[in-house]
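Following: one structure in structure tokens, then a few remarks.
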Amino acid sequence: MKNKILSLCSFATIAAGLVFTALTMSCSNDDSDIDPIPAPVPKQQWSKTLKGNGEELGAYPDLYVNYWEYTYNLKDHKDKVIIFKGEFPHCRYFSFSLYDDNTGDVIGGIDDRNITPDAGCENPFHKTVTGEHTFTVCVVPSTIDEQTISRLGLRNVCRVDADVERVAVVVREYLGTNAAGTAADEYGGVDLPAITAINVYTGAQTAIPEHVATNVNTITSKVFSQKSDENNTMPFFLAPVSRYYPNNSTAYLYARTHLRTDSVLVFRFIPAPYPTKPEEYATSVTRYWSICLGSCADTRSYYSICDKDANFVSGEKATFVVCLKNNPRLSEIRAKVEEMNGRGEHVNLFVWDSEKLNVDGKPIGEVFAVMYRNILPDRTWPYSIANMLPTAYKDADGEPIDHVTQPDKQLAHLALGNYGPLGVKYSTTDFLEGKTE
């Protein structure tokens, strides 16, 4: 569902002289004689921080992202507009995503650059700015007409189908920093958005819906084995849209394999260039990329590297090597990678600990998935992974490789040329002897 975003420069006066103060707070210096409503405590309204690197969330989350959710029963509050008022965080990417919490399907949302800032403010995802810059996002049942939305002066409107019983609102922040951008920060250097609500018919402020238990913490992707896990090659496919709380602004290449103690996995490709400042966001081919390795036994992510930390040069091939921690020649593999980097190659090593115990007390195993994530990929870029055709996950009719009917559009190394990865497993001896071309 596409979001309908209304950019209004001022707010309407509510019937009977009521003014919704939460919407009139902005970067302007206008004073008001209206007594302020006691500010809510945002951290008590949202969930605890759901950390991508917390090894608890399923469906292969990114290790460089933090999430927060606020879930409520829409069926009991169809007469309310939910208001999220906050300050733009300091991070690479920020968004609101809306989900049907009964199914995990994405039903709406809004990305950082598309959020119209409050009056007198600027959007720091358009250009580098300083100081406080606030925004207001509104979640509105689809039964509310445009005239009412206009009368209430709502901006950044995300509509939700009134038939959805339970709505999960999720905030994402990738690579959050403090205000100075000098250190990682769990909240992106600002507080979480405050949540308030108004009665859609009167415009009067009302109690927000109760924050109810969500399925975000319990739903994971399907766990299954594949005969192709034993193949020597590991092709990358474009992931179909998931039903497990996906970021609707992200495209994913996925692959999976079974790696043993006598083997080394290698894949090479040219990663997408990424922006280093907000002024580059509008023209970047992707806002952010990362490679995450997750266990196919529990669909949780355990190892990752993102663009800013990867050993690569824009426009050149980078190499990614994966071996098991209990590979008896691990020290030699490390030395080989160091030697390759010393020759001017760009090699990134992942050491997968197959015996590591997950939160359920079970080993994460030797079968893992590799996810190459691109946020806001530019479809006009010839090498955009978003232009590939998605391939079905394993089903009754076979595995992903069994559903390849247009390889030039479904297999990354064919569809994207040097910008598309292809994994190959080599014996440890062949890797150490440089026989990986």
Side-chain angles (χ1 to χ4, degrees), residues 2-11 23-30 62 64-66 68 83-98 108-139 153-158 169-182 184-185 187-194 247-251 272-290 306-308 314 373-381 384 386:
K2 294 184 177 179
N3 305 305
K4 300 180 180 179
I5 303 172
L6 303 179
S7 303
L8 303 176
C9 296
S10 62
F11 298 105
L23 285 177
T24 58
M25 293 170 58
S26 72
C27 290
S28 66
N29 294 320
D30 294 341
D62 194 300
Y64 293 87
V65 63
N66 285 329
W68 298 269
I83 309 295
F84 300 89
K85 173 76 176 184
E87 186 178 349
F88 286 100
H90 305 274
C91 59
R92 178 78 68 79
Y93 171 79
F94 158 65
S95 68
F96 284 83
S97 296
L98 277 59
I110 187 169
D111 293 310
D112 46 32
R113 281 184 56 83
N114 292 321
I115 297 176
T116 300
D118 290 339
C121 295
E122 295 178 290
N123 185 327
F125 291 88
H126 283 232
K127 65 178 184 178
T128 302
V129 298
T130 58
E132 294 184 359
H133 295 275
T134 60
F135 64 85
T136 306
V137 169
C138 306
V139 175
L154 306 181
R155 65 176 67 194
N156 299 317
V157 172
C158 299
V169 181
V170 174
V171 165
R172 282 179 171 84
E173 292 183 16
Y174 278 76
L175 296 176
T177 68
N178 60 18
T182 57
D185 185 283
Y187 297 96
V190 300
D191 204 346
L192 292 171
N247 182 350
N248 207 35
S249 300
T250 302
Y274 71 96
T276 58
K277 55 185 178 181
E279 286 78 3
E280 298 172 349
Y281 288 175
T283 57
S284 60
V285 300
T286 185
R287 176 74 65 81
Y288 164 95
W289 69 259
S290 69
C306 71
D307 47 32
K308 73 178 184 65
S314 183
R373 177 183 276 101
N374 282 194
I375 295 180
L376 294 172
D378 179 5
R379 288 183 175 274
T380 65
W381 189 47
S384 174

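Both backbone and side-chain heavy atoms feed into the values below; hydrogens, waters and symmetry mates do not. All values reported here derive from a predicted model rather than from experimental measurement.
- Residues passing the salt bridge (Lys or Arg N to Asp or Glu O under 4.0 Å) test with Lys308, sequence neighbours excluded: none.
- The shortest distance between side-chain heavy atoms of Ile110 and Asn156 falls below 4.5 Å.
- Under the ring pair (Phe, Tyr, Trp, His ring centres under 6.0 Å) criterion, Trp381 pairs with Tyr383, Tyr419, sequence neighbours left out.
- The distance from atom CH2 of Trp289 to atom CG of Asp307, rounded to the nearest 0.5 Å, is 6.0 Å.
- Under the rule for a ring pair (Phe, Tyr, Trp, His ring centres under 6.0 Å), Tyr281 has no partner lying at least two apart in sequence or in another chain.
- Residues meeting the side chain to side chain contact (heavy atoms under 4.5 Å, CB included) test with Ala386, sequence neighbours left out: Ala251, Pro377, Arg379, Ser384.
- With sequence neighbours left out, the side-chain hydrogen bond (donor to acceptor under 3.5 Å, both in side chains) criterion links Ser97 to Arg172.
- By the side-chain hydrogen bond (donor to acceptor under 3.5 Å, both in side chains) test, Thr130 pairs with no residue at all, sequence neighbours left out.
- Side-chain contact check for Val137 versus Pro193: every heavy-atom pair is 4.5 Å or farther apart.
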> Hey, mind stepping through Leu98 and Val139 against side-chain contact (heavy atoms from CB on, under 4.5 Å) and telling me if it holds?
Replying inline: CA-CA 9 Å; Leu98 277 59; Val139 175; 3.9 Å; yes
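- Of all the heavy atoms in Asp118 and Arg155, the pair that sits closest is CA-NH1, 3.3 Å.
- Inter-residue side-chain proximity for Cys138 and Thr136 is flagged as met; some heavy-atom pair is nearer than 4.5 Å.
- A donor-acceptor distance shorter than 3.5 angstrom exists from the side chain of Asp112 to the backbone of Phe94, with no hydrogens or angles considered.
- The shortest distance between side-chain heavy atoms of Glu173 and Pro89 falls below 4.5 Å.
- Residues Pro117 and His133 form no side-chain contact, since every pair of their non-hydrogen atoms from C-beta on lies 4.5 Å or further apart.
- Contact between His90 and Asn178 at its shortest, heavy atoms only, is CB-O, 3.7 Å.
- Qualifying side chain to side chain contact (heavy atoms under 4.5 Å, CB included) partners for Ser284, counting only residues two or more places apart in sequence or in other chains: Pro275.
- Tyr274 pairs by the ring pair (Phe, Tyr, Trp, His ring centres under 6.0 Å) definition with nothing, not counting sequence neighbours.
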> What's the verdict on side-chain contact (heavy atoms from CB on, under 4.5 Å) for Ser249 and Leu376, showing C-alpha distance, side-chain angles and the deciding distance?
Replying inline: CA-CA 5 Å; Ser249 300; Leu376 294 172; 3.6 Å; yes
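- Counting heavy atoms from C-beta on, the side chains of Asp378 and Thr286 never come closer than 4.5 Å.
- For the pairing with Phe135, the ring-ring contact (aromatic ring centres under 6.0 Å, His included) check across Phe125, Phe84, Phe88 returns one residue only, Phe88.
- Closest non-hydrogen pair, Pro124 versus Glu122, comes out as CD-O, 3.3 Å.
- Under the side-chain hydrogen bond (donor to acceptor under 3.5 Å, both in side chains) criterion, Trp68 pairs with Thr49, not counting sequence neighbours.
- If you take CG on Asn248 and CG on Asp111, they are separated by 8.5 Å, rounding to the nearest 0.5 Å.
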> Can you check side-chain contact (heavy atoms from CB on, under 4.5 Å) on Arg113 and Arg287, steps first, answer last?
Replying inline: CA-CA 11 Å; Arg113 281 184 56 83; Arg287 176 74 65 81; 3.3 Å; yes
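- Residues that satisfy the side chain to side chain contact (heavy atoms under 4.5 Å, CB included) test with Ser290, not counting sequence neighbours, are Asp62, Tyr288, Cys292, Ser304, Cys306, Arg373.
- Legend: residues meeting side chain to side chain contact (heavy atoms under 4.5 Å, CB included) with Thr128, ordered by chain and number and at least two apart, are Pro278, Glu279.
- Side-chain polar atoms of Asn66 and Tyr187 form no donor-acceptor pair below 3.5 angstrom.
- Among residues two or more places apart in sequence or in another chain, the side-chain hydrogen bond (donor to acceptor under 3.5 Å, both in side chains) test is passed with Asp185 by none.
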